[in-house]
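Below you'll find the structure, written out as structure tokens, and then a few comments.
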Amino acid sequence: MKLWKWLLLILGLLALGRSLSQVAPEIRRGVYKGREVQFPHDARQFRGWRHYGRNLPVWKVSEELPKDVFTFARLCYPFRRGLRWTADYPEAELNFSWRLHQLTSVQVNPFPVIIDIDAGQLRHHPFLYVSEPSNMDISDEQARVLREYMLNGGFILMDDFWGGEEWQAFVATFKKIWPDRGFTELKPDHPLFHCVFDLPAPPQVHSNVYWAHKHKGTRNTTSNEIRPDAAQPVFRAVHDDRGRMVMLICLNNDMGDGWEQESFDADYFREVSEKHAYPLGINIVFYALTH
């Protein structure tokens with residue numbers, strides 16, 4: 001374990017050349033179920049819907065390099081319905097940031113941020129999280145901004161969508177971003193699955209609702225997770241011309257729920273969050289920022 005902690009320390013050093021700003025955009029507003037929702041700078045103060053993370057700790061970062069930290073950045077994107085870029089917000093990023101701080105020696109910003117598709121904002125954050133990408137409805141110009149962000153050193157993690165129907169809904173967005181580039185599917189022996197936590201197989205993280213129904217033997221109401229074509233996790237990666245992974249698409253997975261709902265049930269935490277959601281997320285962060 002000491003070796004991995006030493007390697008994770010390198011992660012902080014590698015960020016020197018692309019330090020992360022802790023300054024978020026102005027307080028944004030959205031409409032959720034007919035009412036205005038505000039997103040404060042400190043996600044712990046969010047009051048838009050049920051929220052269990054208000055008491056999560058705030059920790060200190062290095063006084064010498066206060067901006068040279070990993071900041072969890074969530075992408076705010078134009079969407080077709082709902083407010084789906086917010087799925088699992090704010091517990092997902094608050095809990096993941098806390099666990100990354102706890103479990104590794106990486107310098108982690110205790111204040112996650114929300115980022116627009118804006119080159120000026122994106123350039124401060126080499127790691128970007130996108131929730132429910134099947135609902136994205138971006139313009140050609142926004143696709144160009146995201147493409148250039150990745151080709152200039154950024155990395156995007158796509159999480160939380162299930163089955164062929166949701167994949168097909170995302171294909172148009174994918175082709176806008178990558179009109180002349182495809183993806184490769186990661187095999188179980190890919191280093192990403194073994195770089196910090198040695199995962200026996202590529203994990204599948206189910207939502208707490210699906211997990212509860214399955215373990216209580218009740219009728220499952222999460223139709224997206226019970227589709228036949230959602231039974232196996234699929235990890236699709238896009239690489240630049242140098243072979244660097246710039247996008248990872250986690251189909252048939254919901255890491256965000258595994259982070260958000262860690263306090264839902266002790267068994268869910270032990271069997272899903274602890275065994276799959278956090279190890280996979282930490283491996284992805286480490287791999288993306290060190291390769």
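Listed by chain and number, the residues in a side-chain contact (heavy atoms from CB on, under 4.5 Å) with His101 are Trp59, Trp98, Val108 (sequence neighbours excluded).
For CD of Glu185, the number of neighbouring non-hydrogen atoms (other residues, nucleotides, ligands) closer than 6.0 Å is greater than 12. Few gaps surround CD on Glu36; more than 12 heavy atoms of other groups in view lie less than 6.0 Å from it.
A distance-only check finds no donor-acceptor pair linking the side chain of Arg44 to the backbone of Val58 [under 3.5 Å]. Although no hydrogens or angles enter the test, the distance criterion places a donor-acceptor pair under 3.5 Å between the side chain of Asp159 and the main chain of Met255. At distances below 3.5 Å, at least one donor-acceptor pair connects side-chain atoms of Arg47 with backbone N or O atoms of Gln45. With Arg147 contributing its side chain and Ile177 its backbone, the two residues share a donor-acceptor pair below 3.5 Å. Panel note: side chain Glu225, backbone Ser207; a donor-acceptor pair is recorded below 3.5 Å. Without hydrogens or angle criteria, Tyr77 side chain to Ser131 main chain gives a donor-acceptor distance under 3.5 Å. Gln121 places a side-chain N or O within 3.5 Å of a backbone atom of Asp116 that can act as its donor or acceptor partner. The backbone N or O of Ser139 lies less than 3.5 Å from a partner atom in the side chain of Gln142, making a donor-acceptor pair. Counting only distance, with no hydrogens or angles, the side chain of Asp137 and the backbone of Pro78 share no donor-acceptor pair below 3.5 Å. Remark: the backbone N or O of Ser62 is paired with a side-chain donor or acceptor of Gln107 at under 3.5 angstrom.
For the pair Phe170/Ile249, a side-chain contact is recorded, criterion being any heavy-atom separation below 4.5 Å from C-beta on. Leu128 has its side chain within reach of Tyr149: a pair of non-hydrogen atoms, C-beta onward, lies under 4.5 Å apart. Under the 4.5 Å side-chain criterion, counting only non-hydrogen atoms from C-beta, Tyr287 is in contact with Met245.
Classification of Glu271 and Lys275 as a salt-bridged pair holds, one side-chain N sitting under 4.0 Å from a carboxylate O. Asp189 and Lys187 are not joined by a salt bridge, as no carboxylate oxygen comes within less than 4.0 angstrom of a charged side-chain nitrogen.
The side chain to side chain donor-acceptor pair (under 3.5 Å) analysis of residues 245-258, with sequence neighbours excluded, yields no pairs.
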- Given the rule in the ring-ring contact (aromatic ring centres under 6.0 Å, His included) test, do Phe39 and Phe46 qualify, once you have shown the distances and angles that lead to the verdict? CA-CA 6 Å; Phe39 299 86; Phe46 180 71; 5.4 Å; yes

- Message: Would Arg144 and Glu141 count as a side chain to side chain contact (heavy atoms under 4.5 Å, CB included) here? Give the steps.
- Response: CA-CA 5 Å; Arg144 182 192 65 78; Glu141 174 61 19; 2.3 Å; yes

- Query: Going through the distances and angles, do Gln102 and Tyr278 end up as a side chain to side chain contact (heavy atoms under 4.5 Å, CB included)?
  - Reply: CA-CA 11 Å; Gln102 270 191 320; Tyr278 286 120; over 6 Å; no

- Message: Is there a salt bridge (Lys or Arg N to Asp or Glu O under 4.0 Å) between Arg227 and Asp229? Walk through the geometry before answering.
- Response: CA-CA 5 Å; Arg227 297 168 182 165; Asp229 56 2; 5.5 Å; no

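Nearest heavy atom pair, residue Ala231 against residue Gln204, reads O-OE1, 3.2 Å. Pairing each heavy atom of Ile114 with each of Cys76, the nearest pair is CG2-CB, 3.8 Å. Closest approach of His276 to Pro203, counting heavy atoms only: ND1-CB, 3.7 Å. When all heavy atoms are compared, the tightest approach of Ala119 to Val145 is N-CG1, 3.9 Å.
Proximity of the aromatic rings of Phe235 and His190 is defined here by a centroid distance below 6.0 angstrom, and this criterion is not met.
When hydrophobic clusters are built by joining Ile, Leu, Val, Met, Phe, Trp and Tyr residues whose side-chain heavy atoms come closer than 4.5 Å, directly or via intermediates, Ile138 is grouped together with Trp178. The cluster map of Ile, Leu, Val, Met, Phe, Trp and Tyr, joined by side-chain heavy atoms under 4.5 Å apart, puts Val171 and Trp162 in different clusters. Follow the hydrophobic side-chain contacts under 4.5 Å out from Ile226 and you never reach Val272; the two are in separate clusters. Grouping the Ile, Leu, Val, Met, Phe, Trp and Tyr side chains by contacts below 4.5 angstrom, directly or via other members, places Leu103 with Phe96.
Between Tyr89 and Trp49, the angle of the ring planes goes over 60°, which puts this pair in the perpendicular group of the 30/60° scheme.
With a 6.0 Å cutoff to the six-membered ring centre and a 45° limit on the axis angle, Arg181 does not count as a cation-pi contact of Phe174.
Of the candidates Trp259, Tyr210, Trp211, Tyr268 forms a ring-ring contact (aromatic ring centres under 6.0 Å, His included) with just one, namely Trp211.
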